[in-house]
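Position 1 is the first residue of the sequence, and the numbers go up from there. Just so it is clear, the values below take in all heavy atoms, side chains as well, and ignore hydrogens, waters and symmetry mates.
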Amino acid sequence: QYYLGSYFLYYQKSDGSPYLIKAPFRIGLDEKGSVYAETTTEGHPYRSTLLEIRDGILYIHCENQVFDEKENHIFNVGNETHPEILFGISNTITVKQKLAIGLRNVLVKQRQSLTPSTYREREIPLDSLPDQEEEQLMVRYFLSQRVNQLQSRHCCTREVLTASLSDQP
């Protein structure tokens with residue numbers, strides 16, 4: 001219950017372009033009193049199938065509500081009972097190439113209630129400073145990080161991997 005509320009979810013676009021996505025993210029109670037999370041990212045609605053806290057880590061397992069895809073968010077919450085900003089990682093797949101990808105995530109708690117239907121996600125350029133203080137802070141944070149995403153490659157044979165590395169020192 002410490003984490004109930006509306007947040008903005010920030011992450012760098014998975015295509016590697018210099019933009020942050022700012023999307024609504026809500027952790028709430030459903031009609032049965034169960035905790036759930038919902039968001040809309042890259043135009044797709046996601047809803048949690050499981051939320052759990054283990055050893056100071058908040059795990060949120062989500063499913064795409066349009067097609068068969070899963071997304072997992074992992075946030076380091078420790079023993080914080082009134083967090084304003086949660087830092088973590090999500091993993092999913094890239095839309096076009098179907099590669100596993102890990103993205104740096106930040107949730108920033110909001111005072112007003114937000115849902116995916118009341119706030120549409122938007123892109124924030126990383127190469128200029130936005131007007132809003134919160135967005136400025138997020139741009140500065142993501143620019144200060146060395147890596148904001150990790151991307152896998154498709155499975156292959158040893159020979160293919162060896163050949164692909166022959167150009168590197």
Inset, instruction - Using the six-membered ring wherever Trp is involved, compare the ring planes of Tyr10 and Phe8 and label them parallel, tilted or perpendicular (cut-offs 30° and 60°). - result: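 If you compare the ring of Tyr10 with that of Phe8, the planes turn out perpendicular.
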Inset, instruction - Evaluate the ring planes of His44 and Tyr46, with Trp represented by its six-membered ring, and classify them as parallel (under 30°), tilted (30 to 60°) or perpendicular (over 60°). - result: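 Ring orientation, 0 to 90° scale: perpendicular.
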Looking at every heavy atom in both [X] and [Y], which two are closest together, and how far apart are they?
X	Y	value
Gln12	Leu103	O-CD2, 4.0 Å
Pro125	Val139	O-CG2, 4.0 Å
Ser113	Thr118	O-OG1, 4.3 Å
Lys22	Ile124	CB-CD1, 3.8 Å
Gln136	Pro130	NE2-O, 2.9 Å
Ser90	His73	CB-ND1, 3.5 Å

Which distance, rounded to the nearest 0.5 Å, do you find between the [atom1] of [X] and the [atom2] of [Y]?
X	Y	atom1	atom2	answer
Ile53	Leu58	CD1	CG	5.5 Å
Lys70	Asn91	NZ	CG	11.5 Å
Arg26	Thr40	CZ	OG1	13.0 Å
His61	Thr49	NE2	OG1	7.0 Å
Lys32	Asp30	NZ	CG	7.0 Å

Legend entry - Within residues 124-144 or reaching into it, pairs that qualify as ring pair (Phe, Tyr, Trp, His ring centres under 6.0 Å) - sequence neighbours excluded: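 Output for this query lists Phe87-Tyr141.
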Does the [X] side chain pair with the main chain of [Y], one donor and one acceptor, at a distance under 3.5 Å?
X	Y	answer
Lys109	Leu4	yes
Ser48	Tyr36	no
Thr39	Pro24	yes
Gln149	Asp15	no
Glu71	Asn64	no
Thr162	Arg158	yes

Is any side-chain heavy atom of [X] closer than 4.5 Å to a side-chain heavy atom of [Y]?
X	Y	answer
Leu99	Ile101	no
Leu20	Lys13	no
Val108	Val106	yes
Tyr3	Val35	no
Ile85	Leu107	no
Val77	Ile57	no
Glu123	Ser17	no
Asn105	Phe25	no

For the [atom1] atom on [X], are there more than 12 heavy atoms of other groups (residues, nucleotides or ligands in this structure) within a distance under 6.0 Å?
X	atom1	answer
Glu52	CD	yes
Arg120	CZ	no
Gln145	CD	yes
Arg122	CZ	yes

Side-chain heavy atoms under 4.5 angstrom apart, residues restricted to Ile, Leu, Val, Met, Phe, Trp, Tyr: same cluster for [X] and [Y]?
X	Y	result
Leu50	Tyr59	no
Met138	Tyr7	no
Leu137	Leu9	no
Ile21	Leu86	yes

Inset, instruction - Starting from the C-alpha separation in whole Å, work towards a yes-or-no answer on side chain to side chain donor-acceptor pair (under 3.5 Å) for Gln110 and Glu134. - result: CA-CA 10 Å; Gln110 302 298 304; Glu134 177 181 303; 3.0 Å; yes
Legend entry - Donor on one side chain, acceptor on other, His82 and Glu84, under 3.5 Å: no
